[in-house]
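These numbers come from the heavy atoms of this one structure, side chains and all, not from hydrogens, waters or symmetry mates.
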Amino acid sequence: MFSRFTQAIVRPPARNFADGLTTVDLGLPDVELALAQHAAYCAALERHGCDVIALPTDDAHPDSTFVEDTALILPGQGAIITRPGAESRAGEVHAIRDALAGFFAELPEITSPGTLDAGDVCEAGDTAFIGISLRTNHEGARQLAEWLSKHGVASRLVDIRQTPGILHLKSGVVALDADRLLCIESLAAHEAFADRTVLRVPAGEEYAANCVRVNDAIFVADDFPGTHAMLRAAGYTLEPLAMSEFAKMDGGLSCLSLRF
Ligand code: CIR
């Protein structure tokens with residue numbers, strides 16, 4: 001079952017968005033264009049049933065628009081604050097904790113020496129796939145798995161440290177439904193996904209794997225016709241969105257919001 005989201009926390013890109021971290025070589029983002037793309041993303045969230053809670057921009061943290069990495073939410077059950085694996089992102093959690101405090105009575109957190117970016121957590125029904133990455137270590141994954149198990153969610157680890165081209169697990173695999181995943185080719189045969197139906201993004205469209213389901217729609221980057229055709233043929237309603245400026249900073253559709 002997929003939760004129905006009614007709220008989404010977002011944070012528009014800061015003026016110094018271009019000073020953020022990136023592993024790709026796509027040039028510097030245009031902040032004005034990023035703001036316009038972000039506004040279109042927020043409008044899409046509203047069209048699909050979410051009240052958008054927009055936090056003020058944060059120049060102290062150029063990557064702060066990628067709010068998803070700072071908390072993991074089990075809608076209707078609870079939320080946990082992460083401990084981001086990149087030093088420059090550590091302080092992002094404070095504003096997110098304050099924003100979530102109005103919705104969740106308890107906000108446990110991942111603690112040192114654990115690190116965890118929630119972009120490494122792909123929830124699919126009663127299972128969460130947790131990526132071990134350059135941002136999420138085994139101790140962070142262990143702490144998260146312990147918290148998830150208290151909420152009836154099982155965890156499986158997926159080590160992506162040798163998987164080229166992806167920063168976080170969800171850059172390469174997302175849950176379209178509890179039993180159906182969309183994957184890049186290099187992750188599709190991973191044993192952790194053996195009991196799921198796996199749709200593979202066509203070669204050359206790897207970025208399109210970083211989509212996100214929001215209620216009745218799949219938010220997906222525009223300009224990926226092969227992926228769009230495959231998802232439509234599988235019965236999904238798509239919300240194609242321009243993501244060029246976020247792609248330059250390793251960001252995708254899921255990382256721009258915290259949904260619950
Ligand atoms: C970073 O390197 O942390 C940011 N520039 C991008 C984070 C994207 N987050 C995500 O995919 N969950």
Side-chain angles (χ1 to χ4, degrees), residues 8-11 13-14 17 19-23 53 55-75 77-123 127-151 153-161 163 166-174 192 210 212 246 249-252 254-260:
I9 294 175
V10 301
R11 179 159 234 175
F17 177 52
D19 294 337
L21 303 170
T22 189
T23 63
I53 302 160
L55 305 184
T57 57
D58 176 8
D59 289 351
H61 298 102
D63 282 308
S64 53
T65 193
F66 300 117
V67 288
E68 177 182 58
D69 292 320
T70 56
L72 188 84
I73 301 176
L74 292 177
Q77 296 192 67
I80 184 168
I81 304 296
T82 68
R83 185 164 179 269
E87 187 67 37
S88 65
R89 301 198 60 190
E92 291 177 27
V93 298
H94 303 304
I96 300 298
R97 186 189 297 109
D98 290 348
L100 289 175
F103 296 94
F104 297 96
E106 287 178 31
L107 286 172
E109 25 189 271
I110 302 295
T111 56
S112 176
T115 63
L116 183 103
D117 283 10
D120 277 318
V121 187
C122 172
E123 302 149 71
T127 304
F129 303 103
I130 306 177
I132 301 298
S133 70
L134 296 179
R135 300 291 178 83
T136 296
N137 64 16
H138 278 96
E139 173 57 16
R142 187 198 65 73
Q143 291 179 26
L144 180 70
E146 191 174 288
W147 180 79
L148 288 169
S149 72
K150 290 181 194 152
H151 294 283
V153 177
S155 297
R156 296 181 197 169
L157 299 186
V158 182
D159 191 334
I160 61 162
R161 288 172 295 181
T163 306
I166 57 170
L167 175 66
H168 290 116
L169 178 65
K170 267 191 295 200
S171 314
V173 55
V174 298
N210 192 338
V212 63
F246 299 103
M249 303 307 287
D250 270 326
S254 66
C255 46
L256 291 181
S257 60
L258 275 167
R259 305 154 298 276
F260 56 105

Flag side-chain contact, heavy atom, 4.5 Å: [X] against [Y]:
X: F246; Y: L256; value: yes
X: D69; Y: T82; value: no
X: D63; Y: T65; value: no
X: E92; Y: V67; value: no
X: I110; Y: I80; value: yes
X: H151; Y: L148; value: no

Ignoring hydrogens and geometry, is there a side-chain-to-backbone donor-acceptor pair from [X] to [Y] under 3.5 Å?
X: S133; Y: H168; answer: no
X: D250; Y: L167; answer: no
X: T127; Y: S155; answer: no
X: T115; Y: P84; answer: no
X: S257; Y: I9; answer: no
X: S171; Y: I166; answer: no
X: Q143; Y: T111; answer: yes
X: R83; Y: D117; answer: no
X: R11; Y: S64; answer: no
X: R156; Y: A192; answer: yes

Between [atom1] on residue [X] and [atom2] on residue [Y], distance to nearest 0.5 Å:
X: I130; Y: H138; atom1: CD1; atom2: NE2; answer: 10.5 Å
X: I81; Y: L72; atom1: CD1; atom2: CG; answer: 10.0 Å
X: H61; Y: D19; atom1: NE2; atom2: CG; answer: 13.0 Å

* Given L107, which of L100, D98, I96 fulfils the side chain to side chain contact (heavy atoms under 4.5 Å, CB included) condition? -> L100
Looking only at non-hydrogen atoms, find the nearest pair between [X] and [Y] and report the distance.
X: G252; Y: N210; answer: CA-ND2, 3.4 Å
X: I132; Y: A141; answer: CD1-CB, 3.7 Å
X: I73; Y: A79; answer: CG1-CB, 4.0 Å
X: A14; Y: D59; answer: CB-OD1, 3.4 Å
X: L55; Y: A95; answer: CD1-O, 4.2 Å
X: A71; Y: L258; answer: O-CD2, 3.4 Å

* Distance only, no hydrogens: is a donor on one side chain within 3.5 Å (strictly under) of an acceptor on the other, for S254 and E68? ->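 E68 and S254 do have a side-chain donor-acceptor pair below 3.5 Å.
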* Worked check of side-chain contact (heavy atoms from CB on, under 4.5 Å) between L74 and E123 -> CA-CA 9 Å; L74 292 177; E123 302 149 71; 3.7 Å; yes
* Mutual orientation of the aromatic rings belonging to F17 and F66 [parallel < 30°, tilted 30-60°, perpendicular > 60°] -> tilted
* Carboxylate-amine/guanidinium contact K170 D120, below 4.0 Å -> no
* Intermediate values then yes/no, side-chain contact (heavy atoms from CB on, under 4.5 Å), R135 and L21 -> CA-CA 12 Å; R135 300 291 178 83; L21 303 170; 3.5 Å; yes
* Of all residues at least two apart in sequence or in a different chain, which pass the ring pair (Phe, Tyr, Trp, His ring centres under 6.0 Å) check with F104? ->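 Here the qualifying residues are F260.
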